[in-house]
Enquirer: 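Below is one structure. I have some questions about it.
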Amino acid sequence: MSLVSFVRGRRGASGFGYASTAEEVTEGLDLRGKNILVTGVGSGLGEESARVLAARGARIFGAARSEEKAAEACRKLGGDAVPLACELSEPASVRACVANVRERGDQLDVLLCNAGIMALPKRETRYGQELQFLTNHIGHFILVTGLLGQLADTGRVVMLSSSAHKGAPRGGIQWDDLSMEKNYSPWGAYGQSKLANLLFARALARRFAGTNKTANSLHPGVIATNLGRHMGSVANGLLHAASAVFLKSIPEGAATQCYVATHPSLAAVTGEYFADCNVATSSRHGRDDAMAERLWTVTEEIVAKL
Ligand SMILES: NC(=O)c1ccc[n+]([C@@H]2O[C@H](COP(=O)([O-])OP(=O)(O)OC[C@H]3O[C@@H](n4cnc5c(N)ncnc54)[C@H](OP(=O)(O)O)[C@@H]3O)[C@@H](O)[C@H]2O)c1
């Protein structure tokens with residue numbers, strides 16, 4: 001047996017594994033009556049997750065950068081999907097999205113925080129924040145904390161992290177250089193933002209203690225999607241070329257988030273990090289509750305000024 005088929009065939013305690021698909025992990029689930037908000041609904045893992053969750057009966061609240069993109073994605077889903085404009089790097093847009101959902105008065109069963117950008121070659125900033133940290137972490141922080149009042153009693157918050165959180169700079173979150181002015185690297189900045197996604201889920205799970213709400217994070221696998229668009233054409237081309245043999249397909253990549261968002265066996269599982277549809281071990285920093293709490297406080301301070 002080759003290494004590739006060994007890895008692909010491996011299943012964990014959940015009964016699912018590397019090659020499980022979003023359809024497989026949600027098989028038999030009846031999600032009618034469930035409202036699921038998905039950010040980044042227009043492409044890649046968000047698009048596939050929304051497609052499968054809608055097919056199981058969920059009503060999708062599809063968030064994308066603009067009204068047009070959200071409407072287009074929701075049109076493809078059919079049914080009663082609700083388009084939401086939510087440009088995560090623009091706090092006013094995220095707050096308008098929050099206000100929109102609150103005004104509608106809908107209760108949300110899942111907040112699937114999927115949107116993200118990766119490895120910008122040059123340091124970019126907006127509102128003084130490094131753009132990956134602003135988009136991936138701060139935008140989702142504003143969205144989720146703004147919608148906590150809409151979350152159902154058994155609601156789940158699911159944060160897309162990445163195994164790349166292990167590539168955050170030495171020491172984890174860079175408190176003295178959060179926007180990486182002194183020491184920028186594309187993967188270091190992405191790693192810091194994905195570590196922040198993971199720590200946010202962990203800190204939120206602590207705040208949910210004593211309730212039936214959960215917050216978890218996950219690594220979806222390595223999948224050739226539009227995420228690689230900033231890596232340069234050679235690296236991105238190699239990624240897509242390797243895809244058929246070595247990487248997960250998009251249906252496989254969407255499995256872990258659909259599993260964490262909906263599987264009945266996870267109703268009481270919270271504060272965990274998942275990979276390949278099973279609980280996994282994050283980096284040392286990813287398990288650091290003091291770092292998670294400090295990040296929450298620092299993010300609140302930043303958000304108050306935006
Ligand atoms: N693919 C992988 O190998 C991999 C590995 C580990 C983790 N992840 C994580 O998985 C998630 C999904 O990624 P993907 O692979 O599906 O990539 P993708 O196809 O590029 O999808 C990312 C989505 O995020 C949206 N987005 C980006 N910036 C945004 C912003 N400022 N405001 C609102 N939406 C924004 C994109 O919208 P536009 O199309 O309009 O830009 C797109 O719909 C990401 O959080 C990523 O970090 C992916």
Side-chain angles (χ1 to χ4, degrees), residues 18 22 37-51 62-74 76 83-94 96-97 112-120 124 126-127 129-143 158-168 186-187 189-198 200-201 217-231 235-236 238-240 242-243 246-258 260-261 273-276 280 282:
Y18 181 97
L37 191 156
V38 181
T39 66
V41 73
S43 73
L45 309 185
E47 182 180 22
E48 173 65 0
S49 300
R51 183 189 73 76
R65 285 177 196 270
S66 66
E67 271 178 40
E68 294 70 28
K69 282 193 171 187
E72 173 61 12
C74 288
K76 285 194 207 157
L84 297 171
C86 182
E87 165 55 69
L88 288 162
S89 64
E90 287 295 341
S93 170
V94 185
C97 175
L112 177 46
C113 297
N114 161 85
I117 51 172
M118 180 178 83
L120 304 185
E124 292 181 46
R126 197 169 291 170
Y127 306 108
Q129 302 300 319
E130 191 280 319
L131 197 54
Q132 294 170 82
F133 192 74
L134 178 64
T135 306
N136 299 351
H137 170 59
I138 296 178
H140 279 124
F141 183 95
I142 298 172
L143 183 71
V158 181
M159 301 302 304
L160 263 285
S161 177
S162 168
S163 62
H165 81 271
K166 295 174 182 168
W187 290 103
Y190 180 64
Q192 171 168 264
S193 75
K194 290 286 134 181
L195 175 61
N197 288 146
L198 195 162
F200 172 55
S217 64
L218 64 104
H219 169 59
V222 180
I223 310 104
T225 61
N226 292 338
L227 194 67
R229 75 185 101 170
H230 300 294
M231 284 174 14
N236 201 19
L238 283 173
L239 189 71
H240 282 264
S243 173
F246 297 112
L247 309 184
K248 285 191 184 189
S249 66
I250 289 178
E252 290 166 351
T256 303
Q257 60 207 65
C258 288
V260 176
Y273 169 73
F274 288 77
D276 296 336
S282 68

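Just so you know, ligand 1 is whichever comes first in the structure, and atom 1 is the first atom listed for that ligand. The shown structure was predicted, so the numbers you read here are calculated from the model rather than taken from an experiment.
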Enquirer: What part of Arg229, side chain from CB on, backbone N/CA/C/O, both or neither, has a heavy atom under 4.0 Å from ligand 1?
Expert: side chain
Enquirer: Tell me the nearest of Ala73, Ala115, Cys86, Gly62 to atom 33 (C) of ligand 1, using heavy-atom distances.
Expert: Cys86
Enquirer: Return yes when Gly221 approaches ligand 1 closer than 4.0 angstrom through a heavy atom, no otherwise.
Expert: yes
Enquirer: Is ligand 1 under 4.0 Å from a heavy atom in the side chain of Thr135, in the backbone, in both, or in neither?
Expert: side chain
Enquirer: Verify, without hydrogens or angle tests, whether Thr39 (side chain) and Ala115 (backbone) share a donor-acceptor contact under 3.5 angstrom.
Expert: yes
Enquirer: Ligand 1 and Ser162, any nitrogen or oxygen pair closer than 3.5 angstrom?
Expert: no
Enquirer: Just by distance, do the side chain of Thr225 and the backbone of Gly44 share a donor-acceptor pair under 3.5 Å?
Expert: no
Enquirer: I need the Glu90 CD to Thr135 OG1 distance, nearest 0.5 Å.
Expert: 9.5 Å
Enquirer: Where does Ala224 meet ligand 1, judged by heavy-atom distances below 4.0 Å: at the side chain, the backbone, both, or neither?
Expert: neither
Enquirer: Quick one: does Asn136's side chain have a donor or acceptor within less than 3.5 Å of a partner on Asn197's backbone?
Expert: no
Enquirer: Given Asn226, Leu143, Thr225, identify the one with the heavy atom nearest to atom 14 (P) of ligand 1.
Expert: Thr225
Enquirer: Knowing that exactly one of Leu112, Leu84, Asn114 qualifies, which makes a side-chain contact (heavy atoms from CB on, under 4.5 Å) with Leu37?
Expert: Leu84
Enquirer: Which ligand 1 atoms, with their elements, are less than 4.0 angstrom from a heavy-atom of Gly44?
Expert: 16 (O), 19 (O)
Enquirer: For Ser163, which part has a heavy atom under 4.0 Å from ligand 1: side chain, backbone, both, or neither?
Expert: neither
Enquirer: Which residues pass the salt bridge (charged side-chain N to carboxylate O under 4.0 Å, His left out) test with Glu124, not counting sequence neighbours?
Expert: none
Enquirer: Nearest protein heavy atom to atom 42 (C) of ligand 1, by residue and atom, and its distance?
Expert: Ser43 OG, 3.3 Å
Enquirer: Rounded to the nearest 0.5 Å, what separates atom CD in Glu87 from atom CD in Glu67?
Expert: 13.0 Å
Enquirer: Can you name the atoms of ligand 1, numbered from 1 with element, that are less than 4.0 Å from a heavy atom of His219?
Expert: 6 (C)
Enquirer: Taking 4.0 angstrom as the limit and counting only heavy atoms of Lys69, give me the atoms of ligand 1 inside it, by number and element.
Expert: 38 (P), 39 (O), 40 (O)
Enquirer: Give yes or no for whether the N/O distance cutoff of 3.5 Å, strictly under, is met between Gly46 and ligand 1.
Expert: no
Enquirer: Got a second to check how far Cys86's SG is from Ile142's CD1, nearest 0.5 Å?
Expert: 9.0 Å
Enquirer: I'd like to know whether Glu48 forms a salt bridge (Lys or Arg N to Asp or Glu O under 4.0 Å) with Arg51, so could you lay out the CA-CA distance, the side-chain angles of the two residues, the decisive distance to 0.1 Å, and finally the verdict.
Expert: CA-CA 5 Å; Glu48 173 65 0; Arg51 183 189 73 76; 2.9 Å; yes
Enquirer: Take every heavy atom of Glu87, measure it against each atom of ligand 1, and state whether any distance is under 4.0 Å.
Expert: yes
Enquirer: In the protein, which heavy atom is nearest to atom 48 (C) of ligand 1, and how far is it?
Expert: Leu227 CD2, 3.3 Å
Enquirer: Around atom 32 (N) of ligand 1, find the nearest protein heavy atom and jot down its residue, atom name and distance.
Expert: Leu88 N, 2.9 Å
Enquirer: With heavy-atom distances below 4.0 Å as the criterion, list the atoms of ligand 1 near Ser161.
Expert: 7 (C)
Enquirer: Rounded at 0.5 Å granularity, tell me how far CG in Leu160 sits from SG in Cys113.
Expert: 8.5 Å
Enquirer: What part of Asn114, side chain from CB on, backbone N/CA/C/O, both or neither, has a heavy atom under 4.0 Å from ligand 1?
Expert: both
Enquirer: Kindly confirm or rule out an N or O of Val222 lying under 3.5 angstrom from an N or O of ligand 1.
Expert: no
Enquirer: For Glu47, is the nearest heavy atom under 4.0 Å from an atom of ligand 1?
Expert: no
Enquirer: Is a side-chain N or O of Gln132 found less than 3.5 angstrom from the main chain of Ala119, in a donor-acceptor match?
Expert: yes
Enquirer: With sequence neighbours left out, write down each residue that passes ring pair (Phe, Tyr, Trp, His ring centres under 6.0 Å) with His165, or none if nothing qualifies.
Expert: Tyr273
Enquirer: With a 4.0 Å heavy-atom cut-off (strictly under), which part of Ile117 contacts ligand 1: side chain, backbone, both or neither?
Expert: side chain
Enquirer: Please determine whether any non-hydrogen atom of Ala164 lies less than 4.0 Å from an atom of ligand 1.
Expert: no
Enquirer: Is there a side-chain contact between Glu130 and Gln192 (heavy atoms, below 4.5 Å)?
Expert: no
